[in-house]
A.B. asks: 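Input: one structure, supplied below.
Sequence positions, counted from 1, serve as the residue numbers for this chain.
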Amino acid sequence: MTRNYTLKSPNGTRLANLIESPEGIRLELHAEGERLPYYDGHLDRMLLASTGRPWDDEPVRPERPAIELEDGRIRMKGSVRGVAVTLDWTFDDRGLLHVTACWTNRGDRVLQDAAFGLAFGLGDRDGEKITIPHMIYNNNPSADPQRVVPKLGTDQGFVCEEHRLPIPCANAEWTEGGEPRFLSLFTIPSFTETEDGAVHYGSLGVLRRGGRSSLAVMSGVLMFNGDKDVYYTGKSKTEPYAGGYVRLGPGESLKKRYVLDWGRLPQPGWGFREAVRKGRELFRPQSSRPLTLDDIVRLKTNALDDRWREENGAAGYVKFNDSNDFGKVSRQPFHFLYGWTGQCLKLAWCDAKLGFDGGDEERISRCGRAVDFYIQGSATSVPGLRSCSYELESRTWGTFNLGGRRGVSSRAYGETIADLADIVLLYRERGRETPEAWTTALREAADWLLGSLLPSGIYPAGWLTDGAPCDDMTTAAGIPCVVALIKAHRVTGDARYLRHAEETFERYYDLHARTFDRPFARSTLDARCEDKEAGMYYFIAAFELFALTGDDRYRERAEVAADWLLTFVYVWNPAYDRGSPLRDNGFYAVGWPGVSVQNHHLDVFFPAYEMWRFGRMTGNAEYADAGRQTLDAMGQGICTSPGEWGFTVVGEQGEGFYQTHYHQRGHSNVWNPSWVIALVLANALRLRDEAEYRRDDCG
């Protein structure tokens, strides 16, 4: 005999069927009026229960299963390996299916080293793409094979701690019946705390067998690239993990809640957007706001002033200082770095902006002296290509190490030329003339960029000192050069720059964003993998093109890129072990972005202003809220008085905050390159100009 138990969502758009037959119990997930299910799987391939180490990921068939349907809920009862299991299925008003799993030890002995979970097998799916926010983007195809980063493999899998996930979700998309579809599995994070104050969370990921994927949630056990009881602890570094197992005494229960979402996609490659949209709906993120906008500007300005150096004809802002107690013996020779982790000209823009806003001519003059020094000294033998660093003691200009050869990073150079354009625009806006040499240098750089593409039509990761590309690899590293050309057009009015920027942007769209087969990667220069900053500059380019042209094509591309960036941004707040600095200081992760699939920490590299402004321009409150929340969150960790967060200088802030087991969970570092000042201060200064933002800030 076959029995159907059907649950319908309140909005009438979704159906969940539990079908009981002699072959067992099968779950089907449908959309109203559609024949093909989005999920179709047997219960005996769904339940995971294990005792002993390493944990067993082979599904277990339930004994004596029974189904009840009542009051908008389907309940399945049974037992596996002597443990009673109950699954309650209910829809919420949005059509999301909530699953509450309860595992109870009905025996008379303690279960040691236990692990429980659910797995939703996907079967053979054409065009399958998996997204696990911050961890897995279509299996991270651009990651350097010599580096250890999360991978799924063919018969492996990846299961990580809930606190490692900005959005605790595993999303799968595929094509079926000629239509792109998706299935998302969310976990609602929960933790236990031991008597000694250690906090333990559940886990989530994807298991792989024979090339087939299963979205999986577990009670805390881990798997890294197929290896069980292994976790990721630093750049390209893993270690054995002894935690994650459950002790369940007689009569004790373990209860967890999960959420399923499914549906069609407007376009292949957009599955991750559903994880972002539903994740923000589920968790309704609200970030911490320990400082006002004016507080942030005041504190970061103090840190900026501490970085100013002018000696022997050089003028600029040092990447590292020696003013903090830990930096009395400088870790590196004093140097200016333009772009990337230095942002010397962005700091110059901040100085000028502060000067214009406050009527401080010395600040405006400092900016001018810093720009003059860069333009007069950084030229190379290749017209339009400039050096990217200057060491004060040796009085020498330098370059990047590009795969063992010296050269100029396209990412850093694009950032620097865009900053130069922003400085000229700022002076122009305030009615102040700029030296002709500034605009000449901007034109020279833009002209260089017009003729420096790879045969594939994009920018290389960098150029050697003779102007040749350092390699021909397909990366998103050079997208800041597109931004530089857009801004050079704004300064000069030269239509060639805008036309070239649009044409090159289109190639980056084709390579990365049309299908997301090859997601944005390799902009974080020390990581060589999928990373937030690659998507960040694509978003900024799309935003600038939309603002300049009003073309809805760029609006859509900016929206898609914004969602990709938001996969890195925390929508919930993990707890930390008792006695850890982040717990003691009330650190709140909501709104903080992570970095890359290699670097699993939080930092301040994020286009908060552009995200907020884009949301305001388009009437999309989610983007405006995300931009605001991110800058608000970044008020945390700033030294407000000597000694806070390990700093002597007020306004300093560490580069990394460790919300997960990457380095030391619950701690932050005192590595303080100058970009940590530049990004926060530049975002805050731009937002301070916006009347709408200021009204909200005061409210």
A.B. asks: Has the side chain of E193 got a donor or acceptor atom that lies under 3.5 Å from a matching backbone atom of V199?
C.D. replies: no

A.B. asks: Say whether, by atom type as modelled, one donor and one acceptor occur between the side chain of T416 and the main chain of G339 under 3.5 angstrom.
C.D. replies: yes

A.B. asks: How about Y658 and H663: are their ring centres within less than 6.0 Å of each other?
C.D. replies: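 Aromatic pair counts; centres sit under 6.0 Å.
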
A.B. asks: Kindly indicate, with the supporting measurements, whether the criterion salt bridge (charged side-chain N to carboxylate O under 4.0 Å, His left out) is fulfilled by D625 and R628.
C.D. replies: CA-CA 5 Å; D625 287 348; R628 165 178 289 283; 5.9 Å; no

A.B. asks: Heavy atoms, side chains only, cut-off 4.5 Å: are F546 and M617 in contact?
C.D. replies: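 SC-SC contact between F546 and M617 confirmed.
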
A.B. asks: Closest heavy-atom contact between G666 and S580?
C.D. replies: O-CB, 3.6 Å

A.B. asks: Can D351 and Y317 be said to form a side-chain hydrogen bond (donor to acceptor under 3.5 Å, both in side chains), step by step?
C.D. replies: CA-CA 10 Å; D351 226 353; Y317 309 84; 2.7 Å; yes

A.B. asks: Please enumerate all residues that pass ring pair (Phe, Tyr, Trp, His ring centres under 6.0 Å) together with F356, with sequence neighbours excluded.
C.D. replies: Y427

A.B. asks: What pairs meet the salt bridge (Lys or Arg N to Asp or Glu O under 4.0 Å) rule with one or both residues in residues 642-656, with sequence neighbours excluded?
C.D. replies: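 Found R307-E652.
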
A.B. asks: Kindly say whether the aromatic ring centers of F516 and F272 come within a distance under 6.0 Å.
C.D. replies: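 Close enough - the centres of the two rings lie under 6.0 Å apart.
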
A.B. asks: Checking D632 side chain against Q629 main chain: does a donor-acceptor pair fall under 3.5 Å?
C.D. replies: no

A.B. asks: Is there side-chain contact between S596 and E530, with at least one heavy-atom pair below 4.5 Å?
C.D. replies: no

A.B. asks: Measure from the side-chain N and O atoms of H601 to the backbone N and O of F657, and report whether any donor-acceptor pair falls under 3.5 Å.
C.D. replies: no

A.B. asks: With respect to H661, which candidate in H163, H200, H600 satisfies the ring pair (Phe, Tyr, Trp, His ring centres under 6.0 Å) definition?
C.D. replies: H163

A.B. asks: Is there a side-chain contact between D422 and K487, using heavy atoms and a 4.5 Å cut-off?
C.D. replies: yes

A.B. asks: Identify whether the distance between the nearest side-chain nitrogen and carboxylate oxygen of R613 and E610 falls below 4.0 Å.
C.D. replies: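 No, this pair does not count.
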
A.B. asks: Looking at Y509, I'd like to know if the NZ or CZ of R557 sits under 6.0 Å from its six-membered ring centre while staying within 45 degrees of the ring's axis.
C.D. replies: yes

A.B. asks: Starting from the C-alpha separation in whole Å, work towards a yes-or-no answer on side chain to side chain contact (heavy atoms under 4.5 Å, CB included) for H98 and L282.
C.D. replies: CA-CA 11 Å; H98 293 243; L282 273 171; 4.3 Å; yes

A.B. asks: Would you call N672 and N324 a side-chain contact if the rule is heavy atoms closer than 4.5 Å?
C.D. replies: yes

A.B. asks: Look only at the side chain of R164 and the backbone of T660, and say whether a donor-acceptor pair between them is shorter than 3.5 Å.
C.D. replies: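 Absent.
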
A.B. asks: Check step by step if salt bridge (charged side-chain N to carboxylate O under 4.0 Å, His left out) holds for E533 and R411.
C.D. replies: CA-CA 10 Å; E533 288 158 41; R411 179 254 173 91; 2.8 Å; yes

A.B. asks: Would you confirm whether N139, through its side chain, and I130, through its main-chain N or O, come within 3.5 Å as a donor-acceptor pair?
C.D. replies: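 A pair under 3.5 Å: no.
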
A.B. asks: Is a side-chain donor-acceptor pair under 3.5 Å present for E690 with Y609?
C.D. replies: yes

A.B. asks: Say whether, by atom type as modelled, one donor and one acceptor occur between the side chain of S288 and the main chain of Y588 under 3.5 angstrom.
C.D. replies: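 Looks like no, no N/O pair under 3.5 Å.
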
A.B. asks: How about Y201 and C160: do any of their side-chain heavy atoms sit closer than 4.5 Å?
C.D. replies: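 When only atoms from C-beta onward are counted, C160 and Y201 do not touch, as no gap falls below 4.5 Å.
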
A.B. asks: Can you measure from CZ (F158) to CE (M135) and round to the nearest 0.5 angstrom?
C.D. replies: 5.5 Å

A.B. asks: Provide the closest heavy-atom pair for A216 versus L185 in the form atom of the first, atom of the second, distance.
C.D. replies: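 Scanning both residues, the minimum pair turns out to be N-CD2, 3.9 Å.
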
A.B. asks: By the definition ring pair (Phe, Tyr, Trp, His ring centres under 6.0 Å), identify the one residue from Y241, F224, Y662 that meets it with Y231.
C.D. replies: Y241

A.B. asks: If you measure from the Lys or Arg side-chain nitrogens to the Asp or Glu carboxylate oxygens, is any gap between K353 and D689 under 4.0 Å?
C.D. replies: yes

A.B. asks: State whether the number of non-hydrogen atoms from other residues, nucleotides or ligands found under 6.0 Å of D552 atom CG is greater than 12.
C.D. replies: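 Yes, enclosed.
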
A.B. asks: Over 60° means perpendicular and under 30° means parallel, so classify the ring planes of W564 and F520, tilted if in between.
C.D. replies: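 If you compare the ring of F520 with that of W564, the planes turn out perpendicular.
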
A.B. asks: Y137 vs F568 aromatic rings, parallel, tilted or perpendicular, using cut-offs 30° and 60°?
C.D. replies: parallel

A.B. asks: Hey, mind stepping through R147 and Q598 against side-chain hydrogen bond (donor to acceptor under 3.5 Å, both in side chains) and telling me if it holds?
C.D. replies: CA-CA 8 Å; R147 300 237 173 170; Q598 174 187 274; 2.9 Å; yes

A.B. asks: Under a 3.5 Å distance rule, please check whether D531 uses its side chain to pair with a backbone N or O of A534 as donor and acceptor.
C.D. replies: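 Present.
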
A.B. asks: With side chain to side chain contact (heavy atoms under 4.5 Å, CB included) as the criterion, how do D526 and N599 come out once you've worked through the C-alpha distance, each side chain's angles and the decisive distance to 0.1 Å?
C.D. replies: CA-CA 10 Å; D526 61 344; N599 301 340; 4.1 Å; yes

A.B. asks: What do the steps show when you test E281 against K278 for salt bridge (charged side-chain N to carboxylate O under 4.0 Å, His left out), and what is the final call?
C.D. replies: CA-CA 5 Å; E281 288 180 7; K278 301 297 174 47; 5.7 Å; no

A.B. asks: Between H134 and V595, is there a donor-acceptor pair closer than 3.5 Å when you use the side chain of the first and the backbone of the second?
C.D. replies: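 Answer holds: yes.
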
A.B. asks: Taking the side chain as C-beta and beyond, is there a heavy-atom pair between L354 and D357 under 4.5 Å?
C.D. replies: no

A.B. asks: Aromatic contact between W671 and F320, with the criterion being ring centroids under 6.0 Å apart: yes or no?
C.D. replies: yes

A.B. asks: May I ask you to decide if the ring planes of W645 and F587 are parallel, tilted or perpendicular, using 30° and 60° as cut-offs?
C.D. replies: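 The rings of W645 and F587 stand perpendicular, inter-plane angle above 60°.
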
A.B. asks: If you define the side chain from C-beta out and look only at heavy atoms, does anything of R688 sit under 4.5 Å from V297?
C.D. replies: yes

A.B. asks: Check whether T475 reaches the backbone of A477 with its side chain - one donor and one acceptor, N or O, closer than 3.5 Å.
C.D. replies: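 Here the side-chain-to-backbone pair exists.
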
A.B. asks: Measure across E162 and I188 and return the closest heavy-atom pair with its distance rounded to 0.1 Å.
C.D. replies: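 Smallest heavy-atom distance, with atoms named: OE2-O, 4.3 Å.
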
A.B. asks: Check whether W612 forms a cation-pi arrangement with R686 (NZ or CZ under 6.0 Å from the six-membered ring centre, at most 45° off the ring normal).
C.D. replies: no

A.B. asks: Evaluate K256 against S219 for side-chain hydrogen bond (donor to acceptor under 3.5 Å, both in side chains), listing each step before the verdict.
C.D. replies: CA-CA 8 Å; K256 280 286 293 182; S219 51; over 6 Å; no

